[in-house]
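Some notes on the structure that comes next.
Just so you know, ligand 1 is whichever comes first in the structure, and atom 1 is the first atom listed for that ligand.
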Amino acid sequence: MALPSMVRIVEVGPRDGLQNESAMVPTAAKIELVDRLSATGLRTVEATSFVSPKWVPQLADAAEVFAGIARRPGVAYPVLVPNLQGYERARAVGADEVAVFTAASDAFNRRNTNAGIDESLERFAPVLERARVDGVRVRGYVSTVLGCPYQGAVPLADVVRVARALHAMGCYEVSLGDTIGVGTPAKARDMLRAVAAEVPMPALAIHFHDTYGQALANVLACLEEGVAVVDAAVSGTGGCPYARGASGNLATEDLVYMLHGLGIATGVDLDALVDTGAWLSGILGRATGSRVTRARATA
Ligand code: HMG
Ligand code: MG
């Protein structure tokens, strides 16, 4: 199959990236990060997360962050919500797109949200209902699609079932997450193919963590299947605090470099993105996880 001519990147650095930082990042820096990212041409920037601050203290300032960003017309700013309480907090500061999240592995979902998969879907029902009435768009995540740190192998049928359920509930897009980055290209392709048999491809996105260095290869295999929405995090930040062994996401800079090299449009200014990644690694006080940003720094 031909590669897509255009890919929409969902930048998850301000959420997936910063939720996994051990040091507290100042609120002003989080706001600046979102604003710098939206200035690069990215059309979707996941801004923060309204989960329980007891579970993820790193993003306890979600309301201040969301209220502080300069929202650009044409840019979507989804925020993570685990339940109705999170939805209400997000709405109180004007969020108009949210993301709910569950997993294909019950063992992981219990550690991450203190609920089994079906219980989490029940929790989302009132969120989806309220969102429908409020005209709020809802994205859905399925975690552990290619392996679970607690359960091990994850049957494809479980991934398909959960993705189908989120789509049927009203999620306009379902992001398939390799939370611990253990997947390889043929497995990623087979997983996507199985889900796409039940959920239309335009409603699917992919979300690869790069723990084993497979993320770009996995993305390419999935692009060949026709997916055209890819999640990534600037500077390769990220990971889930409740997924043992999870490390950073695919770096957005590296994704953009590959896509542009393949002649696929993203609308993103790579130079501005690299500057943002370099700035963020300065804020975090450690080397960037992006090969492209590293290469540009020494070029
Ligand atoms: P729980 O402890 O079972 O919840 O947690 P609860 O309803 O019993 O509430 C306990 C306390 O939390 C109460 O406060 C609630 O008010 C409060 P208390 O009465 O003790 O003072 N609370 C909240 N406060 C603010 N906002 C809320 C909220 N909800 C409850 N929304 C819960 C259940 C789901 C809340 C918790 O487990 C949680 O927040 N988990 C989030 C974990 C998380 O954020 N993980 C990372 C994101 S997922 C991810 O990274 C994967 C992804 O990137 C894709 C991939 O890579 O695969 C998306
Ligand atoms: Mg993730």
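- Any N or O atom pair closer than 3.5 Å counts here, and Ser49 shares no such pair with ligand 1.
- Interface atoms of ligand 1 facing Asn83, defined by a heavy-atom separation under 4.0 Å, are 27 (C), 28 (C), 29 (N), 30 (C), 31 (N), 35 (C).
- One finds the OG atom of Ser281 at 10.5 Å from the CZ atom of Arg294 (value rounded to the nearest 0.5 Å).
- Asp254 contributes a side-chain N or O that, together with a main-chain N or O of Arg291, makes up a donor-acceptor pair within less than 3.5 Å.
- Backbone or side-chain N, O or S atoms of Asp16 reach the Mg ion (ligand 2) at under 2.8 Å.
- Nearest-heavy-atom check against atom 18 (P) of ligand 1 across Arg110, Lys54, Gln58 picks out Lys54.
- Here the options are Val7, Leu250, Leu273, the test is side-chain contact (heavy atoms from CB on, under 4.5 Å), and the partner is Leu255; only Leu250 passes.
- Using a cutoff of 4.0 Å between basic side-chain nitrogens and carboxylate oxygens, Asp271 and Arg296 are scored as salt-bridged.
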Exercise for review: Go through the steps for Thr293 and Glu253 under the test side chain to side chain donor-acceptor pair (under 3.5 Å), then give the verdict.
Suggested key: CA-CA 7 Å; Thr293 297; Glu253 301 94 308; 2.9 Å; yes
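- For atom 15 (C) of ligand 1, a protein heavy-atom neighbour is present inside the 4.0 Å cut-off.
- At a heavy-atom cutoff of 4.0 Å, ligand 1 is contacted by the side chain of Val56 but not by its backbone.
- One finds no salt bridge joining Arg15 and Asp231 here, because no Lys/Arg side-chain nitrogen approaches an Asp/Glu carboxylate oxygen to under 4.0 Å.
- Not a single protein heavy atom sits closer than 4.0 Å to atom 6 (P) of ligand 1.
- Arg89 contributes a side-chain N or O that, together with a main-chain N or O of Val51, makes up a donor-acceptor pair within less than 3.5 Å.
- The aromatic rings of Tyr77 and Phe66 sit perpendicular to each other, their planes meeting at more than 60°, with 30° as the lower class boundary.
- For ligand 1, the atoms sitting less than 4.0 Å from at least one non-hydrogen atom of Asn112 are 37 (O), 40 (N), 41 (C), 42 (C), 43 (C), 45 (N), 46 (C), 48 (S), numbered in the order shown with element in parentheses.
- Atoms of ligand 1 lying under 4.0 Å from any heavy atom of His209, numbered from 1 in the order shown and given with element: 56 (O).
- Distances from atom 9 (O) of ligand 1 to the protein include no heavy-atom value under 4.0 Å.
- For ligand 1, the polar-atom distance check against Arg123 finds no nitrogen or oxygen pair separated by under 3.5 Å.
- Counting only non-hydrogen atoms, the option in Ser52, Pro53, Gly17, Ala62 that gets closest to atom 17 (C) of ligand 1 is Ser52.
- For ligand 1, the polar-atom distance check finds an N/O of Asp16 within less than 3.5 Å of one of the ligand's N/O atoms.
- Close contacts between ligand 1 and Pro82 involve ligand atoms 31 (N), 34 (C) [criterion: under 4.0 Å to a heavy atom].
- Rounded to the nearest 0.5 angstrom, Asn218 CG and Leu176 CG are separated by 12.0 Å.
- In summary, Arg189 and Glu224 do not engage in a salt bridge, as defined by a charged side-chain N under 4.0 Å from a carboxylate O.
- Within the 4.0 Å heavy-atom criterion, neither part of Val12 lies near ligand 1.
- The closest approach between any non-hydrogen atom of Leu80 and ligand 1 is below 4.0 Å.
- Phe108 and Tyr150 have parallel rings, their planes meeting at less than 30° on a 0 to 90° scale where 60° marks the start of perpendicular.
- Among the atoms of His207, an N, O or S atom falls under 2.8 Å of the Mg ion (ligand 2).
- The side-chain contact (heavy atoms from CB on, under 4.5 Å) test with Pro78 is passed by exactly one of Val138, Val98, Thr48, Thr44: Thr44.
- Protein heavy atoms come within 4.0 Å of atom 21 (O) of ligand 1.
- Backbone and side-chain nitrogen or oxygen atoms of Gly86 are examined, and one is located within less than 3.5 angstrom of a nitrogen or oxygen of ligand 1.
- When Gly177, Gly140, Ser143 are ranked by how near their heavy atoms come to atom 54 (C) of ligand 1, first place goes to Ser143.
- Summarising the contacts of atom 49 (C) of ligand 1 with Glu88, Arg15, Arg89, the nearest heavy atom is found in Arg15.
- For atom 29 (N) of ligand 1, a protein heavy-atom neighbour is present inside the 4.0 Å cut-off.
- Distances between N or O atoms of Gln19 and those of ligand 1 include at least one value under 3.5 Å.
- Results of the side-chain contact (heavy atoms from CB on, under 4.5 Å) test with Thr237 over Thr252, Leu280, Thr288 single out Leu280 as the only residue that passes.
- Every atom of ligand 1 with a heavy atom of Asn114 under 4.0 Å away is listed here by number and element: 1 (P), 3 (O).
- At a cut-off of 3.5 Å, with distance as the only test, a side-chain donor of Gln151 or Ser105 sits close to an acceptor on the other residue.
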